[in-house]
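Right, one structure below, let's go through it.
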Amino acid sequence: MPAKRTPLRRDVKRRITPAAIAAFKAGDEMALHELLGLRPWEISPIGCDEGDSPYPPGSAGHSTWPQAQELRQELEALTR
């Protein structure tokens, strides 16, 4: 008998909604984290800036830093 498998969410794309843009403008880090569907260990786009990660290599903060920078760039482009 074949087993029913649950597909993995490998290509998860973040949807930037008007509510997420409003939370970004307001600087509400917790609301933005929730609206973007970020996991607890992922860096918020509000807390990152340009440049290298301040977190040590191999840590969750270091590995999610580029993603946070990319999200910040998208949010800043949408707020203009």
Side-chain angles (χ1 to χ4, degrees):
M1 177 184 330
K4 185 172 183 178
R5 298 183 65 188
T6 304
L8 298 175
R9 296 176 38 191
R10 292 179 194 241
D11 59 341
V12 175
K13 296 202 178 193
R14 310 264 187 236
R15 288 191 55 214
I16 298 177
T17 62
I21 295 169
F24 180 72
K25 284 181 183 178
D28 189 350
E29 198 167 335
M30 294 299 287
L32 182 63
H33 212 82
E34 184 177 325
L35 290 165
L36 291 176
L38 297 174
R39 293 180 173 92
W41 59 86
E42 293 178 315
I43 302 297
S44 172
I46 292 175
C48 77
D49 57 2
E50 296 298 321
D52 295 332
S53 171
Y55 300 100
S59 67
H62 185 77
S63 63
T64 62
W65 189 261
Q67 172 193 1
Q69 287 178 324
E70 185 178 310
L71 279 170
R72 182 180 183 96
Q73 290 171 355
E74 289 177 32
L75 286 163
E76 285 176 344
L78 290 170
T79 57
R80 293 182 195 144

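Keep in mind it's a predicted model, so treat the numbers as computed, not measured.
- Leu71 and Trp65 fall into different hydrophobic clusters, where Ile, Leu, Val, Met, Phe, Trp and Tyr are joined by side-chain heavy atoms under 4.5 Å apart, directly or via other members.
- The two residues Asp49 and Gln69 make their nearest non-hydrogen contact at O-NE2, 2.8 Å.
- Atom OG1 of Thr64 and atom CD of Glu70 lie 12.5 Å apart (nearest 0.5 Å).
- Across all their heavy atoms, Cys48 and Ile43 have their closest contact at CB-CG2, 4.3 Å.
- Under the side chain to side chain contact (heavy atoms under 4.5 Å, CB included) criterion, Ser63 pairs with no residue at all, not counting sequence neighbours.
- Minimum interatomic distance between Ser44 and Leu32 (heavy atoms only, all atoms of both residues): OG-CD2, 4.3 Å.
- Residue Glu76 places its CD atom among more than 12 non-hydrogen atoms of other residues, nucleotides or ligands, all under 6.0 Å distant.
- For His62 against Pro56, the heavy-atom pair with the smallest separation is CB-O, 3.3 Å.
- Applying the 4.5 Å side-chain rule to ILVMFWY residues, one finds that Leu35 remains a lone member of its cluster.
- Considering NZ of Lys25 and CG of Leu78, their distance stands at 9.5 Å, rounded to 0.5 Å.
- Smallest separation of non-hydrogen atoms from Pro45 and Arg72: O-NH1, 2.9 Å.
- The two residues Gln73 and Glu50 come nearest to each other via the heavy atoms NE2-OE2, 3.6 Å.
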